[in-house]
Visitor: 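Have a look at the structure that comes next, please.
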Amino acid sequence: MKATKLLTTASIGALLFGFAAASQAANWRYAHEEYEGDVQDVFAYAFKDYIEENSDHSVQVFRFGELGESEDIMDQTLSGILQFVNQSPGFTGALIPSAQIFFIPYLMPTDTETVLEFFEESKAINEMFPEIYAEHGLELLKMYPEGEMVVTTDEPVSSPEDFNNKKIRVMTNPLLSETYDAFGATPTPLPWGEVYGGLQTGIIDGQENPIFWIESGGLYEVSPHLTFTSHGWFTTAMMANKDFFDGLPEEDQQLIRDAADAAYDHTIEHIRGLAEESLDKIMEACDECTVTRLDEEQIQAFKERAPQVEEAFLEMTDETGAKLLEQFKEDLEAVSNDSD
Ligand code: 6CS
């Protein structure tokens, strides 16, 4: 009896030790959509560093192209091959319709500090979105901004009329197509890997992205006319496979949340001033590049077309989208009042 009890205790101990050892020595796989030194890479490496400095776990980071396109890394995360993924709502919007809220033009402010405060404080971002992503098998760990959207084209653009017959590449969510349709252009949804070549060969006439990406991806070489339309910010999101996350011990879940917080703080510091630095680099490298900053009157001509996109968002997203939009507006109102 005594021997049996001892054995049982030993086996339970071994089992517990085994689990603890497995949990201590895990190697987690994390894929994102960008290249070395880009914003998502800065986030991923800050996350990895925090995990590795504060536990025995390790994180293996995969950059754009190593495991396929954005859609591929999301599929791999949902099937459990990857534990973490950074995918932007520009692509997630095809899977989670309400993530398309970021593509309602002129909803977001353009001033960096107001945008950052919004991401920090927003109930829609920090409380509602995690619940929405959870319904799709994803544990949303952070949503964060990468930079103001800037349109690049083959000719200078300053009005919806200038967009006539221009094929503008958009990320693959239906609402962004509505936006460019409303702006007077011909939206052309494409995955990232086809953008540079598409611009080079004239399959598309333009695209939109934050300045750092236009610089780091060399997009200005093949799409040299930059227009600041003030219509939105590029937002991205970092998440885990929910079954994986839910199966972790409490202590590892906390470690992951803390690592995401640390990566967020580090990344926000990184993006401060990044757009200005990147624009300087572009202007230094490119003689033919032009920069157009729309004035209030020109912005108004685009802004007038925003309500139809908001309408389309509500049609695509039922009650969830309506509630999210209401909260989003409330949160934006709160931060813009703070900055008055
Ligand atoms: O336009 C895109 O598809 C890409 N833009 C950025 C800023 N990050 C990744 C994304 O795939």
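Values reported hereafter were calculated over all heavy atoms of this structure, with side chains retained and with hydrogens, waters and symmetry mates removed. Just so you know, ligand 1 is whichever comes first in the structure, and atom 1 is the first atom listed for that ligand.
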Visitor: Can you classify the ring geometry of Phe129 versus Phe102 as parallel (below 30°), tilted (30 to 60°) or perpendicular (above 60°)?
Guide: parallel

Visitor: I'd like the contact residues of ligand 1, where contact means a heavy atom below 4.0 Å.
Guide: Glu33, Glu34, Phe91, Arg169, Met171, Trp192, Asn209, Pro210, Trp213, Phe234

Visitor: For Thr152, check side chain to side chain donor-acceptor pair (under 3.5 Å) against everything at least two apart and list the hits.
Guide: Gln207, Ser223

Visitor: Which pairs would a plain distance check flag for residues 276-288, meaning a side-chain donor or acceptor within less than 3.5 Å of a matching protein atom at least two apart in sequence or in another chain?
Guide:
{"from": "Ser278", "atom 1": "OG", "to": "Leu274", "atom 2": "O", "distance (Å)": "2.8"}

Visitor: Per the ring-ring contact (aromatic ring centres under 6.0 Å, His included) rule, what does the pair list look like for residues 213-240, sequence neighbours excluded?
Guide: Tyr35-Trp213, Phe183-His231, Trp192-Trp213

Visitor: For the residue pair Thr110 and Glu148, confirm or rule out a side-chain donor-acceptor distance under 3.5 Å.
Guide: no

Visitor: With Tyr30, which of Tyr45, Phe47, Phe244, Phe62 fulfils ring pair (Phe, Tyr, Trp, His ring centres under 6.0 Å)?
Guide: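 In the set Tyr45, Phe47, Phe244, Phe62, the residue that makes a ring pair (Phe, Tyr, Trp, His ring centres under 6.0 Å) with Tyr30 is Phe47.
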
